[in-house]
Amino acid sequence: MYIQTQINTDIPIFEAEDTLENLKHFFNESTYSHVAIVSEKRFLGVFNENDLEDFNPEDKIENYRYNFEAFFTRKEVNWLDILEVFARNEANVVPVLGENEDVLGYYDLADVMKIFIDTPFFTEPGNIVIVAKGIKDYSFSEIAQIVESNNSKIIGSFISDSENDVVQITIKISTSNFNEVVQSFRRYNYNVLFGNSDDQFLEDLKQRSDYLDKYLNV
């Protein structure tokens, strides 16, 4: 999976000498939440669409450097780290920096989400089980042992929630011996929150992804 092929070079990069009017026009004509600002081709930060409301449109962007946000990613970063940047900064676009702090382009959230949907976690047949346990009491090695001891295989897993020292782990496993796997989780004192065919679970996730795509393209 080469996320680097998804770098978008069609989204503009603004110079600090540009006016806020140019920024406002860009945001009015697009659905992007942020845009990169540079000076002499070096990255200064990103400007948030929400920061434009009370400013004089004739002012230069550089007059508002204190409003710049500092998030970005590098070309060689993997797609999970990129998703984290999106989530932490509530952005739908993230600038990609080169070795000289120049902006190579952007990662678009919709493009990254489509890559996620195309992973084996979604495309391979299997069943979904969601378990919960204390943050100090679970381990992925134990989870793998539970699944594999029942002659099943893990297709994918991730921590889907963490609150009050309890984590939820979403696991997709092969369809063989699924009920035995679920019962084993219970014997190991995992709280099974969901343990059924993955059809409805994946359908819900795909519907949410479709909604995201529509939202980003409004």
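Just so you know, these numbers use all the heavy atoms, side chains as well, and skip hydrogens, waters and symmetry mates. This one's a predicted model, so the numbers in the text were calculated from it and none came from an experiment. Sequence positions, counted from 1, serve as the residue numbers for this chain.
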Approximate separation, where rounding is to 0.5 Å, of [X] [atom1] and [Y] [atom2]:
| X | Y | atom1 | atom2 | answer |
| --- | --- | --- | --- | --- |
| F121 | I171 | CZ | CD1 | 9.0 Å |
| L44 | E69 | CG | CD | 14.0 Å |
| L104 | I7 | CG | CD1 | 6.0 Å |
| I37 | F47 | CD1 | CZ | 7.0 Å |
| L23 | E49 | CG | CD | 10.5 Å |
| E40 | E17 | CD | CD | 9.5 Å |

Mind checking whether [X] and [Y] have side chains closer than 4.5 Å, heavy atoms only?
| X | Y | result |
| --- | --- | --- |
| L97 | V103 | yes |
| V85 | F72 | no |
| V112 | Q6 | no |
| F43 | I13 | no |

Going by atom types alone, do D59 and Y64 pair a side-chain donor with an acceptor below 3.5 Å?
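The answer is yes; a qualifying pair exists.
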State yes or no: do I146 and I155 share one hydrophobic cluster built from I, L, V, M, F, W and Y residues joined by side-chain heavy-atom distances below 4.5 Å, directly or via other members?
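No, separate clusters.
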Do V192 and V166 land in one hydrophobic cluster if side-chain heavy atoms of ILVMFWY residues count as linked below 4.5 Å?
no
Under 3.5 Å, is there a donor-acceptor pair between the side chain of [X] and the main chain of [Y]?
| X | Y | result |
| --- | --- | --- |
| Y106 | A36 | yes |
| S152 | S174 | yes |
| K133 | I169 | no |

Please check if the number of heavy atoms outside D165 that lie under 6.0 Å from its CG is greater than 12.
no
Check this for me: Y188, atom OH, are more than 12 non-hydrogen atoms of other residues, nucleotides or ligands nearer than 6.0 Å?
no
Smallest separation among heavy atoms of [X] and [Y], with atom names:
| X | Y | result |
| --- | --- | --- |
| S139 | Y190 | N-OH, 3.8 Å |
| Y107 | R74 | CE1-O, 4.4 Å |
| I159 | V167 | CG2-CB, 4.4 Å |
| P125 | K172 | C-CE, 4.1 Å |
| P57 | T19 | O-CB, 3.7 Å |
| P12 | V35 | O-CG2, 3.4 Å |

Identify every side-chain donor-acceptor pair in residues 175-183 under 3.5 Å, counting partners at least two apart or on other chains, and give the distances.
{"from": "S176", "atom 1": "OG", "to": "N151", "atom 2": "O", "distance (Å)": "3.3"}
{"from": "N177", "atom 1": "ND2", "to": "N150", "atom 2": "O", "distance (Å)": "2.8"}

Candidate pair S184 and R187, rule side-chain contact (heavy atoms from CB on, under 4.5 Å), full reasoning
CA-CA 5 Å; S184 291; R187 287 196 297 273; 2.7 Å; yes
F14 and F26: ring-ring contact (aromatic ring centres under 6.0 Å, His included), yes or no, with the steps?
CA-CA 10 Å; F14 286 87; F26 164 75; 5.7 Å; yes
For E15 and V38, run side-chain contact (heavy atoms from CB on, under 4.5 Å): C-alpha distance rounded to whole Å, both residues' side-chain angles, the deciding distance at 0.1 Å, then the answer.
CA-CA 5 Å; E15 293 282 345; V38 300; 3.7 Å; yes
What's the verdict on side-chain contact (heavy atoms from CB on, under 4.5 Å) for V94 and L109, showing C-alpha distance, side-chain angles and the deciding distance?
CA-CA 8 Å; V94 172; L109 177 58; over 6 Å; no
Among N48, N92, N89, whose side-chain hydrogen bond (donor to acceptor under 3.5 Å, both in side chains) with S33 holds?
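The single option meeting the side-chain hydrogen bond (donor to acceptor under 3.5 Å, both in side chains) with S33 is N92.
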Identify whether the distance between the nearest side-chain nitrogen and carboxylate oxygen of K153 and E124 falls below 4.0 Å.
no
Would you please classify the geometry between the Y138 ring and the F140 ring as parallel, tilted or perpendicular, with 30° and 60° separating the classes?
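Rings of F140 and Y138: perpendicular, over 60°.
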Could you walk me through whether E84 and D81 satisfy the side-chain contact (heavy atoms from CB on, under 4.5 Å) test, starting with their C-alpha distance in whole Å, then the side-chain angles of each, then the deciding distance to 0.1 Å, before giving a yes or no?
CA-CA 5 Å; E84 182 178 353; D81 289 333; 4.3 Å; yes
